[in-house]
Amino acid sequence: MKKATSILLGISFAAACVGIAAAQETTPSTAFVPKVLQITREFTKPGKSGAAHDTTESAFVRASANGKIPAHYIAMNSLTGKSRALYLTSYDSYEAWQKVNDSVNKNQALSAEFDRAAMADGELLDSMDSMVLTYQEEMSFHPMADLSKMRYMEASVYQVRPGHGQEWRELVKMVKTGYEKANLGAHWAMFEMEFGADAGEYVVFTSRKSLDELDKGPMEDKQFVAAIGEDGMKKLDELVAASVSSSRHELFSFNPKQSYVPDEWVKNDPFWEQKSAPVQAAKLTTENK
């Protein structure tokens, strides 16, 4: 595990999972930080990622477009850790999630299309799982809600010790105060794990336009330390030791070939155009795959 101060600063600057921090330009259809975030993870077999996985995933894209499914998602491929793809689907509520599932289950032709796509996709996978997280507004910091100009995503996962939620909340509050004082332009969105993983797990997402933003980390870390002071850093170290049992940091790149994004994204940025799949559509929950 990293040193205590490194864990803290990883919230914004270390290689730290939507609707999350992003570009300055927003449109009504993209300016959205979800209350409910559903993440499907697909762990691909060796040699079965890349173009092969793009091809099988395009079947889900076409099926969802044909079904005019209202939910959208962003696909990300791992740059660190095990080879995997993440599909992040945003919902305004659990009720909204249920309505999407119900509409698919009532459409027999669409369900059959998803079943066929799942059979082909399954040949490439070692395993898959799904989890649901909820947005924690009071623990987020200047979250912006348009990912259309972003290309990378950092995900920092923190496991909070049972019974130490108060110290964790105090820790996050101090970190937010330090970044506000340092005026570094930091931003993140924090989500709490609700279903599919260990209780007490929090995920911090920070989006990036390019990886060179990470090069600024060491200098900005120094500015944060200067802003919070020696006594403040000592207190933060104590809070980390008391509340955080473990942390890990991962880096992902967005994959437009497997993503369903609003039409505005495609119109405004050629990056999101799909060459192999003409239309983009929603990745559904695992029970619909």
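- D126 has its side chain within reach of P46: a pair of non-hydrogen atoms, C-beta onward, lies under 4.5 Å apart.
- Within the 4.5 Å cutoff, side-chain heavy atoms of S247 are placed close to those of Y158.
- Formation of a donor-acceptor pair under 3.5 Å by the S259 side chain with backbone atoms of A75 is found in this model.
- Distance alone, capped at 3.5 Å, is enough to place a donor-acceptor pair between the N105 side chain and the N101 backbone.
- Using bins of under 30°, 30° to 60° and over 60° for the plane-to-plane angle, the ring pair W168/Y202 lands in the tilted bin.
- With hydrogens and angles disregarded, a donor-acceptor distance shorter than 3.5 Å links the side chain of Q159 to the backbone of A199.
- Under a 4.0 Å N-O distance rule, the pair E57/K257 does not qualify as a salt bridge.
- To the nearest 0.5 Å, atoms CG (L88) and CE (M153) are separated by 7.0 Å.
- Side-chain contact between M139 and W188 is absent, with no heavy-atom pair separated by less than 4.5 Å.
- Ring geometry, Y87 versus Y73: the interplanar angle exceeds 60°, so the pair is classed perpendicular (tilted spans 30 to 60°).
- The shortest non-hydrogen separation linking D129 to R41 is OD2-NH2, 2.6 Å.
- When the shell of 6.0 Å around NZ of K82 is examined, it contains 12 or fewer heavy atoms from other residues, nucleotides or ligands.
- The minimum heavy-atom distance between S243 and H164, with the atom names listed, is CB-O, 3.7 Å.
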Checklist entry - Would K235 and E238 satisfy side-chain contact (heavy atoms from CB on, under 4.5 Å), going step by step from the backbone distance to the final call? => result CA-CA 5 Å; K235 178 63 174 178; E238 293 172 353; 3.9 Å; yes
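- Nearest heavy atom pair, residue S130 against residue Q38, reads OG-NE2, 2.7 Å.
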Next on the checklist: Please evaluate residues V132 and Y94 with respect to the criterion side-chain contact (heavy atoms from CB on, under 4.5 Å), reporting the C-alpha separation (whole Å), side-chain torsions for both, the decisive distance (0.1 Å), and the verdict.
Outcome noted: CA-CA 10 Å; V132 178; Y94 283 107; 3.7 Å; yes
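- To the nearest 0.5 Å, atoms OG (S127) and CZ (R84) are separated by 11.0 Å.
- Using a 4.5 Å cut-off between side-chain heavy atoms of Ile, Leu, Val, Met, Phe, Trp and Tyr, with links allowed through other members, M76 and F43 fall into different hydrophobic clusters.
- A salt bridge links R151 and D269; the closest N-O separation between the charged side-chain nitrogens and carboxylate oxygens is under 4.0 Å.
- In this structure, OH in Y152 is found 16.0 Å from OG1 in T206, a value given to the nearest 0.5 Å.
- The two residues A71 and T89 make their nearest non-hydrogen contact at CB-CG2, 3.9 Å.
- Remark: E138 pairs with no residue by the salt bridge (Lys or Arg N to Asp or Glu O under 4.0 Å) rule, at least two apart or across chains.
- The environment of K176 atom NZ is dense: over 12 non-hydrogen atoms of other residues, nucleotides or ligands sit within 6.0 angstrom.
- When the side chains of ILVMFWY residues are joined at heavy-atom separations under 4.5 Å, either directly or via intervening members, M119 and L125 end up in two distinct hydrophobic clusters.
- Between the T80 side chain and the E250 main chain, no donor and acceptor come within less than 3.5 Å of each other.
- Of the inter-residue distances, the one linking E230 atom CD with M233 atom CE reads 10.5 Å to the nearest 0.5 angstrom.
- Looking at W265, its side chain never comes within 3.5 Å of a backbone N or O of F271 through a donor-acceptor pair.
- Residues satisfying the salt bridge (Lys or Arg N to Asp or Glu O under 4.0 Å) criterion with R169, sequence neighbours excluded, are absent altogether.
- For the pair I228 and M174, the tightest heavy-atom approach, listed with the atom from each and the gap, is CD1-O, 4.0 Å.
- The aromatic rings of Y135 and F191 lie tilted to each other, with the angle between the two planes from 30° to 60°.
- Ring geometry for W272 versus F254: interplanar angle of 30 to 60°, hence tilted.
- T44 and S49 make their closest contact through OG1-CB, 3.7 Å (heavy atoms, listed as atom of the first residue, atom of the second, distance).
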Checklist entry - Can you check side-chain contact (heavy atoms from CB on, under 4.5 Å) on L124 and K45, steps first, answer last? => result CA-CA 6 Å; L124 308 182; K45 297 176 181 177; 5.9 Å; no
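- You'll find the side chain of D198 stays beyond 4.5 Å of the side chain of M193, heavy atoms only.
- Here CG of L133 is found 11.5 Å from CE of M190. Values are rounded to the nearest 0.5 Å.
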Next on the checklist: I'd like to know whether E194 forms a side-chain hydrogen bond (donor to acceptor under 3.5 Å, both in side chains) with T134, so could you lay out the CA-CA distance, the side-chain angles of the two residues, the decisive distance to 0.1 Å, and finally the verdict.
Outcome noted: CA-CA 7 Å; E194 297 290 348; T134 54; 2.8 Å; yes
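- More than 12 heavy atoms of other residues, nucleotides or ligands lie within 6.0 Å of CG in D212, so this atom counts as buried by the packing criterion.
- The NE2 atom of H53 lies 10.5 Å from the OG atom of S58; values are rounded to the nearest 0.5 Å.
- Here the side chains of V100 and P70 are in contact, with some heavy-atom distance below 4.5 Å.
- Considering only heavy atoms from C-beta on, E113 comes within 4.5 Å of R116 through its side chain.
- Side chain of S111 to backbone of V104: a donor-acceptor contact under 3.5 angstrom is found.
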Next on the checklist: Between I39 and V203, is the side-chain contact (heavy atoms from CB on, under 4.5 Å) condition met? List the steps.
Outcome noted: CA-CA 12 Å; I39 302 177; V203 183; over 6 Å; no
